[in-house]
Amino acid sequence: MQLTIYRGTHEIGGNCVELRTDSTRIIVDVGMPLIDANGESFDAQSLGGKSVLELLEDKTIPRVPGLFQDPTDSVPAPAAILLSHAHCDHTGLLKYTRQEIPVWLSPGTSDMMYVGLKFAGQVGVSSKRQRRFTPCQPFSIGDFTITAYPVDHSAFDSMAFLIEAEGKRILYSGDLRLHGRKPGMIEGLLEAASKGPIHVLIMEGTNVIPSGKPQKTEWDLEKELIGHIQQSKGIVLANFSPLHVDRLVGFFKAAANTGRTFVADPYAALVMNKASQYCGVPDPARDRRIKVFFHRSFEEAYERKGLSYVRNLFWENRIPLDSIRENPNQFVMVFRPSMVAQDFGGTLPPSASFIYSYWTGYLEQPHWAQFRDLLTQSGGQFISAHTSGHIGADDLRKFIDRMNSQRVIPIHTLTPEAFQDDLERVVRLEDGQPYQVS
Ligand SMILES: [Zn+2]
Ligand SMILES: [Zn+2]
């Protein structure tokens with residue numbers, strides 16, 4: 001078996017991995033890069049009307065034979081694309097791939113991609129292309145037997161893949177961590193891995209360099225949120241990715257624990273509704289503890305986007321903005337800065353606490369300075385409360401030890417050399433460099 005990482009050996013995200021035997025070729029993840037050639041945050045909007053050929057030329061699309069809609073490429077298409085989870089740095093190039101290639105994904109990833117497409121302009125996948133696998137149950141694609149194992153990450157229903165062919169076993173970690181709400185989730189993967197040798201572990205290394213601080217868990221974060229909400233005199237505005245269901249539940253529970261009502265937007269409400277089919281997440285269509293605020297951008301677009309059913313689904317639990325403004329200190333509200341102009345008439349309620357729950361690097365984007373000024377003017381406070389969606393350095397070493405693979409190949413990292421320091425079995429590849437699994 002041969003493996004090639006077409007992108008991801010020296011960057012965070014943009015993963016694209018090929019595995020091939022003599023007769024079958026599969027692709028794992030087809031991610032959009034997160035950073036551009038200058039090391040700046042990659043602007044996916046800039047792709048606009050660019051053709052596949054232009055995107056190949058400027059290296060946005062890696063040159064994977066047969067994968068993309070490139071009229072000059074006569075190589076047969078691979079047998080399948082596997083998607084580990086619904087983040088754009090793993091799915092974003094899907095729309096440029098040949099439409100005849102089936103896309104294998106978990107039911108939860110399928111649901112999250114649908115919600116991300118409808119509410120956040122993310123990439124979708126047509127139902128015709130979709131092949132949904134059942135987690136923990138092996139399925140076959142040509143020479144390959146593949147088993148997906150649920151892992152904890154900041155996207156709901158993320159998977160790692162155990163990929164077997166020609167007597168070799170490869171484990172692709174996808175993005176994962178051990179400090180989410182369900183650290184025991186990883187046991188299924190570890191148990192399966194222990195049933196035979198793992199020849200290669202393709203391991204994400206976003207946080208391979210120790211941060212020097214103890215890893216905060218999602219449970220720690222929930223306590224922190226409770227503290228912030230208790231100290232807040234006005235409304236609490238929660239800013240996070242709704243696809244991160246752990247975080248969504250954290251905010252909901254923190255609101256409930258402080259006697260406040262959690263107000264979802266239609267995006268977060270639909271994520272909760274979908275996730276409630278798989279686990280104990282409350283469903284805003286039925287759970288009276290949750291209210292749904294239909295903000296203006298939804299009200300203006302739901303018919304055009306085919307989302308009237310979403311409005312009907314949460315209609316019983318809707319809350320108008322006036323009710324929130326009358327008693328702002330009773331609510332924790334899912335919020336985006338664009339709502340200031342669209343829904344709040346350009347001003348924020350007095351003494352608002354805005355809780356920012358993303359990676360702090362994004363705060364360098366210029367629009368944040370303007371929003372923070374506005375918040376200060378209304379006597380509000382800006383609070384940053386976050387923990388990484390990726391495995392911390394200590395856990396990473398423990399995970400690699402327990403996997404006990406013969407080789408470790410770093411991916412999804414800016415610093416693959418940090419793996420090399422203490423692990424002799426590490427093989428560092430370059431993008432596009434084939435590796436023979438032996
Ligand atoms: Zn990623
Ligand atoms: Zn991810």
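Hydrogens, waters and symmetry mates are skipped; everything else that's a heavy atom, side chains included, is used. In this chain, residues are counted from 1 in sequence order. Counting starts at 1 for both ligands and their atoms, following the listed order.
Side chain of Ser158 to backbone of Val151: no donor-acceptor contact under 3.5 angstrom is found. The backbone N or O of Ser241 lies less than 3.5 Å from no partner atom in the side chain of Arg247, so there is not a single donor-acceptor pair.
An angle of 90° is found at the Zn ion (ligand 2) between Asp175 atom OD2 and His85 atom NE2, rounded to 10°.
Classified by interplanar angle (parallel below 30°, tilted 30° to 60°, perpendicular above 60°), the ring pair His390/His412 is tilted.
At least one N, O or S atom of His87, from either the backbone or the side chain, sits less than 2.8 Å from the Zn ion (ligand 2). His412 lies close to the Zn ion (ligand 1), since one of its N, O or S atoms is found at a distance under 2.8 Å. Residue His90: no N/O/S atom is found under 2.8 Å from the Zn ion (ligand 2).
Its N, O or S atom nearest to the Zn ion (ligand 1) is what matters here, and for Asp89 that atom is OD2. The closest approach of His153 to the Zn ion (ligand 2), by N/O/S atoms, is made by NE2.
Side-chain contact annotation: Asp175 with His87, donor-acceptor N/O pair under 3.5 Å absent.
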Going through the checks in order, is the ring pair (Phe, Tyr, Trp, His ring centres under 6.0 Å) test met by Tyr302 and Phe294? CA-CA 10 Å; Tyr302 72 87; Phe294 296 117; 7.9 Å; no
